[in-house]
Amino acid sequence: MPGLLLGDEFPNFDADTTIGPIKFHDFLGSSWGILFSHPKDFTPVCTTELACACRVSEEFTKRGVKMIALSVDSVEDHHSWSKDVMGFNGSSEGSLPFPIIADDKRLLSVQLGMLDPDERDKDGMPLTARCVFVIGPDKRLKLSILYPATTGRNFDELLRVIDSLQLTAQKKVATPVDWKPGEKVMVIPSLSEAEAAALFPNGVTTTEVPSGKKYLRYTQL
């Protein structure tokens, strides 16, 4: 099954969506983007995920990230399902704050390597896995996460990794395990001590390890 690797240019596909036809790169413009797929409309885990995505949509907007979902059903079904999603959130509003791509022929799902061979609908057709693609303003793939259809995603984690991606795209740093915005970051190994001292005026601290190698370097931005 074809798929995408980190750094690949994301396909500039045409698609029908709940906001009308789009060309993907035009939809993104100069923004970051997140595309998250769903196995099928009117299914339980997907409904909870879309409801959560609605609740945190402003957090993605703050970060300059355009959201777009995908499911293997028609635009008409998406509009109807959206009412359930908003109702689950306790809202009478039937529209979502982001579009859903209609992929009822599964063309995009195949192109992007989204199909889950172990999960099928009542007609025996494979469903999409829960893919997450984060695309940078350069239209290249920055992050790819693949969940099985039976496991719902964590949107707090998606926001956390976007914070890391956006920070490390601008600064010569990496983010350690469980990092959150505002915490110390790590100096990348390719920087010399002199370069690090010049780049990070708040100073660089090094954690000692038995090997004696000075690669665990931290700084506060």
Within the distance-only criterion (no hydrogens, no angle test), does the side chain of D16 pair as donor or acceptor with the backbone N or O of A102 below 3.5 angstrom? no

Which atom pair, heavy atoms only, marks the closest approach of D103 to L107? OD1-N, 3.1 Å

V134 vs L165 side-chain heavy atoms within contact, under 4.5 Å: yes

Please name the pair of heavy atoms, one in C54 and one in V85, separated by the smallest distance, quoted to 0.1 Å. SG-CG1, 4.3 Å

Where L143 and L141 come nearest, the two heavy atoms and their spacing: O-CD1, 3.3 Å

About how many Å separate CD1 of I101 and CD1 of I19, when rounded to the nearest 0.5 Å? 9.5 Å

Okay, side chain of S80, backbone of D77: is any donor-acceptor separation there less than 3.5 Å? no

Within a radius of less than 6.0 Å around CD of E193, do more than 12 heavy atoms belonging to other residues, nucleotides or ligands occur? no

Non-hydrogen side-chain atoms of Q166 and V65 separated by less than 4.5 Å: yes

Determine whether L50 and F98 make a side-chain contact, defined as any pair of heavy atoms from C-beta on separated by less than 4.5 Å. yes

Test: K62 and E58 ion pair at under 4.0 Å: no

May I ask you to check whether over 12 heavy atoms, not counting those of K66, lie within 6.0 Å of atom NZ? yes

Do L199 and Y215 belong to the same hydrophobic cluster, where Ile, Leu, Val, Met, Phe, Trp and Tyr are linked whenever their side-chain heavy atoms lie under 4.5 Å apart, directly or via other members? no

Output the distance between atom NZ (K40) and atom CG (D104), rounded to the nearest 0.5 Å. 9.5 Å

Membership question, hydrophobic clusters at under 4.5 Å side-chain separation (ILVMFWY): are F27 and F60 in the same one? no

Among L191, V173, T207, which residue satisfies the side-chain contact (heavy atoms from CB on, under 4.5 Å) criterion with R217? L191

Taking atom CD1 of I34 and atom CD1 of I68, what is their separation to the nearest 0.5 Å? 11.5 Å

Do S144 and L4 pass the side-chain contact (heavy atoms from CB on, under 4.5 Å) test, and can you show the C-alpha distance, the side-chain angles, and the key distance before you say yes or no? CA-CA 8 Å; S144 174; L4 291 169; over 6 Å; no

Look at atom NZ of K139 and say whether more than 12 heavy atoms of other residues, nucleotides or ligands are closer to it than 6.0 Å. yes

Heavy-atom closest pair (G7 atom, R140 atom, distance to 0.1 Å) is O-NH1, 3.1 Å

Minimum heavy-atom separation for C131 and G113, please, with both atom names. SG-O, 4.5 Å

If I take atom CG from residue N154 and atom OH from residue Y147, how far apart are they, to the nearest 0.5 angstrom? 6.5 Å

Is there a side-chain contact between S109 and S37 in this structure, where contact means two heavy atoms from C-beta onward sitting under 4.5 Å apart? no

Sorted by chain and number, sequence neighbours left out, side chain to side chain donor-acceptor pair (under 3.5 Å) with S164 holds for T175

Taking everything shown except E157 itself, do over 12 heavy atoms lie less than 6.0 Å from its CD? yes

Hey, does R130 have a side-chain heavy atom less than 4.5 Å from the side chain of T151? no

Side-chain heavy atoms nearer than 4.5 Å, only ILVMFWY residues, links allowed to pass through others: does that put F42 and V75 together? no

Is any side-chain N of the basic residue among K172 and E195 closer than 4.0 Å to the acidic one's carboxylate O? no

Taking a hydrophobic cluster as the set of Ile, Leu, Val, Met, Phe, Trp and Tyr residues connected by side-chain heavy atoms closer than 4.5 Å, whether directly or through intermediates, do I145 and F36 fall within one such cluster? yes

Within one Ile-Leu-Val-Met-Phe-Trp-Tyr cluster: M67 and L159, side-chain cutoff 4.5 Å: yes

Nearest-0.5 Å distance, CG of residue L221 to CG of residue N202: 7.5 Å

Distance-only check: which donor-acceptor pairs under 3.5 Å involve side-chain atoms of residues 177-186, not counting sequence neighbours?
unit_1, atom_1, unit_2, atom_2, d
W179, NE1, E183, O, 3.3
E183, OE1, K180, N, 3.0

Side chains of D73 and H78: do they bring a donor and an acceptor to under 3.5 Å? no

Please identify which of these residues, T43, T47, T18, D41, meets the side-chain hydrogen bond (donor to acceptor under 3.5 Å, both in side chains) condition with W81. T47

How long is the straight-line distance from OH of Y218 back to OG1 of T206, given to the nearest 0.5 Å? 10.0 Å

Minimum-distance pair of heavy atoms, taken over all atoms of E49 and F155: O-CE1, 3.7 Å

Apply side-chain contact (heavy atoms from CB on, under 4.5 Å) to the pair F24 and L35, showing each step before the final yes or no. CA-CA 10 Å; F24 190 58; L35 190 161; 4.3 Å; yes

With heavy-atom distances below 4.5 Å as the criterion, would you say the side chains of L70 and M114 are in contact? yes

